[in-house]
Engineer: 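Just passing along the structure, written as structure tokens.
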Amino acid sequence: MKDNNLLEIKDLTIHYITNDGTVRAVENMNLEIGKGETLGLVGETGAGKTTTALGIMQLVPDPPGKIVGGEIIFEGENLIGKSHAELRRIRGNKISMIFQDPMTSLNPVMTVGDQIAEVIKLHQKSNAKDALEKAKEMLTRVGIPAERSKEYPHQFSGGMRQRVVIAIALACNPTLLIADEPTTALDVTIQAQVLDLMKKLKDEYKTSMIMITHDLGIVAEVCDKVAIMYAGNVIEYTDKNRLFKDPKHPYTIGLFNSIPDIEEDEDRLKPIKGLMPDPTDLPSGCPFHPRCDKATAICAEKAPQNTEIEPGHFVKCLLFEA
Amino acid sequence: MQEKLLEVRNLKKYFNTKKGLLHAVDDVNFYINRGETLGLVGESGCGKSTTGRVVLRLLEATGGEIIFEGSDILQYDKYQMREMRKQMQIVFQDPFASLNPRMSVSEIIAEPLVVNKVFSNRKEMQARVKELMETVGLAERLTQTYPHELDGGRRQRIGIARALALRPKFIVQDEPVSALDVSIQAQILNLMADLQKEFGLTYLFISHDLSVVKHVSDRIAVMYLGKIVELSDYKSMFKDPKHPYTQALLSAIPVPRIDIQRERVLLEGDVPSPINPPDGCRFYGRCRYRQDICKETTPELKNIGEDRFVACHFTNNLKAAVK
């Protein structure tokens, strides 16, 4: 493990074994996250982004989910194979997660103060009173007046609820924060507020972050590195600047072309042809080949390997294999 | 000279709620020229979807006029309205909820033709359904499939085919691509642009996604709490937004580029409740330029030249407001 790395994912493969066949949700994934770094995990519905997050948290529902192989090295230790008790000490403490929908991730019959205090009590062995004090402090940190700690989630707006979720996630000062589409359910002006807050707190606490999103605009704003996923595979992985200046994989290029550019006028969008493949019946060879403009005969036969085309820039495409 | 297909004057829609009168659409004015797309943007609860529905009389207006091709359709009776509906159609946001799960693709697309007794002959009707499926890019083999067998993009194509079935002039697009992934979203946006050109359609395009709205619209109206705060052609709006809310809204969009740094205007707080709103500017509580007059008098939507409309007391003079 490299010194500055907080998390290394090596050859991670996660399958869902269902009656309709095996879903290859994550295939041979290799990623690294340094201390204080933010990695963007980008892809469309069903690309395997959330499964990756659940994999890191060791929360993949089993059955039908199975971690078939690979390692998840967090702070030097492999998370796969750890006991429930050990994992419980890590989750919510060293690694915590922010989910997409703040209404379903908060408990509707518990005050927000108690929900924040719960994590603190569990992980920091503090008594109820101190925990509640700390909870109030967390609330102020995320921009909610401390006196609202006695209110219930339904008394808050969507943006405020997501702030509460962020307060819970950061209450124990985690080293890794996984945010799964944290602003997708929010309006754009509220999204701007929440992203701004997350950036600020991340810097303050020096937390590393995995930002799962389908929005390349959010990536441009908050990430240091980006991994683009398609049908369970990380098809391109590099630092943000390189990805935006010089995307290589045809799918990445297609994604950029599909988004209307707000700075320039364009008559027509250049969408990616075709549809997402059926996850239980992925195309042979490269899973993207039926939709790819650059596909040749070999793409249907041979699965591309992860290729480092220049230091720190990985692409899974036969075009770049020597 | 461009001709107005639809004009909305002083349109109001209030809902009675337990807590009081909810001003969903409050004194809204706009027009749409033939063949044009007017984008209607705003955040959740601003009244944009309600506006779309009231314009089609899917919801009854509380007051105002809706002039379609010269006559006020709010005066129409049930029978006149049924005729009228052939001219005006809608595509809904959620292609899962807006299609009957127990009808096949061809039945769904044929439904408006059946209801309006367009064809007496079954064969002709089927030919029309086939033609419509081809127009929106649905393969013929899907005729007998059911919505649950199809992905979101194809489902939205069914919704579009159904809206086109009666050869309408005007279509309300209510967040038609919000539920779709970006690669599919781009396909549907291109399809809608092609159809507009081919059939000379006029769109009211409702969305919360500003980059999508900018891409499809000729002119854009920005709504906030039931009122239009700014309306102008898309270019001027994006280049030089006049209303403080438009400025904040545009600056909040995360832009997928790293070569452009934009100054961000962060708004404080949340959108207030539309129930019994106070007098004065609806944006008062969140505006960084607010003055006493903003609290007392509601600003009118005024033409500031070149067909740009802004509802703010300090248009062109925002800096002076914060002395």
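Note that these values count all heavy atoms, side chains included, but never hydrogens, waters or copies made by symmetry. A, B, ... follow the sequence lines: proteins, then strands. Residue 1 opens every chain.
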Engineer: Kindly compute the distance separating CG (D151(B)) from CG (L275(A)), expressed to the nearest 0.5 Å.
Structural biologist: 4.5 Å

Engineer: Which bit of L250(B) comes within less than 4.5 Å of chain A, counting heavy atoms only: side chain, backbone, both or neither?
Structural biologist: neither

Engineer: Measuring from atom NZ of K273(A) to atom CD of Q187(B), what distance do you get when rounded to the nearest 0.5 angstrom?
Structural biologist: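 K273(A) NZ to Q187(B) CD: 11.0 Å, rounded to 0.5 Å.
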
Engineer: Using non-hydrogen atoms only, which part of K239(B) is less than 4.5 Å away from chain A: side chain, backbone, both, or neither?
Structural biologist: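 It is neither, since no heavy atom gets under 4.5 Å.
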
Engineer: Other residues, nucleotides and ligands only: do more than 12 of their heavy atoms fall within 6.0 Å of CD on E204(A)?
Structural biologist: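 Correct, the count exceeds 12.
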
Engineer: Between I253(B) and chain A, which part of the residue has a heavy atom less than 4.5 Å away: side chain, backbone, both or neither?
Structural biologist: both

Engineer: More than 12 heavy atoms of other residues, nucleotides or ligands under 6.0 Å from CD of E310(A): yes or no?
Structural biologist: yes

Engineer: Quick one: CG on L267(B) to OG1 on T189(A), what's the gap to the nearest 0.5 Å?
Structural biologist: 5.0 Å

Engineer: If you compare all heavy atoms of A192(A) against all heavy atoms of A252(B), which two are closest, and at what distance to 0.1 Å?
Structural biologist: CB-CB, 3.8 Å

Engineer: Evaluate the side-chain proximity of D215(A) to P254(B): yes if any heavy-atom separation is below 4.5 Å, no if none is.
Structural biologist: yes

Engineer: Contact part of R257(B) toward chain A, heavy-atom cut-off under 4.5 Å: side chain, backbone, both or neither?
Structural biologist: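 Both backbone and side chain.
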
Engineer: Using non-hydrogen atoms only, which part of V219(A) is less than 4.5 Å away from chain B: side chain, backbone, both, or neither?
Structural biologist: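 When you check distances to chain B, no heavy atom of V219(A) falls under 4.5 Å.
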
Engineer: Strictly less than 4.5 Å between heavy atoms, which residues of residues 178-185 of chain B line up against chain A? Please order them by number.
Structural biologist: D181(B), V182(B), S183(B), I184(B), Q185(B)

Engineer: With a 4.5 angstrom heavy-atom cut-off, is it the side chain or the backbone of Y251(A) that approaches chain B, or both, or neither?
Structural biologist: neither

Engineer: In Å and rounded to the nearest 0.5 Å, what is the NZ to CG distance from K214(B) to D265(A)?
Structural biologist: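 Atom-to-atom, K214(B):NZ and D265(A):CG are 5.0 Å apart.
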
Engineer: For K235(B), I'd like to know if atom NZ has over 12 heavy atoms of other residues, nucleotides or ligands within 6.0 Å.
Structural biologist: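 No, not enclosed.
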
Engineer: Rounded to the nearest 0.5 Å, what separation is found between the NE2 atom of H215(B) and the CD1 atom of I259(A)?
Structural biologist: 12.5 Å

Engineer: Is there a donor-acceptor contact under 3.5 Å from the side chain of D187(A) to the main chain of E43(B)?
Structural biologist: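 A pair under 3.5 Å: no.
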
Engineer: Just so I understand: if I count every heavy-atom pair under 4.5 Å between each of V255(B), L266(B), N190(B), I258(B) and chain A, which residue has the most?
Structural biologist: N190(B)

Engineer: Quick check for you: to the nearest 0.5 Å, what is the distance between D209(B) atom CG and I262(A) atom CD1?
Structural biologist: 7.5 Å

Engineer: Where along residues 222-247 of chain A does a heavy atom come under 4.5 Å of chain B, listed by residue number?
Structural biologist: K240(A), N241(A), F244(A), K245(A)

Engineer: What part of N257(A) gets within 4.5 angstrom of chain B, counting heavy atoms only: side chain, backbone, both, or neither?
Structural biologist: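 Interface part for N257(A): neither.
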
Engineer: What part of E44(A) gets closer than 4.5 Å to chain B, counting heavy atoms only: side chain, backbone, both or neither?
Structural biologist: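 When you check distances to chain B, atoms from both the backbone and side chain of E44(A) fall under 4.5 Å.
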
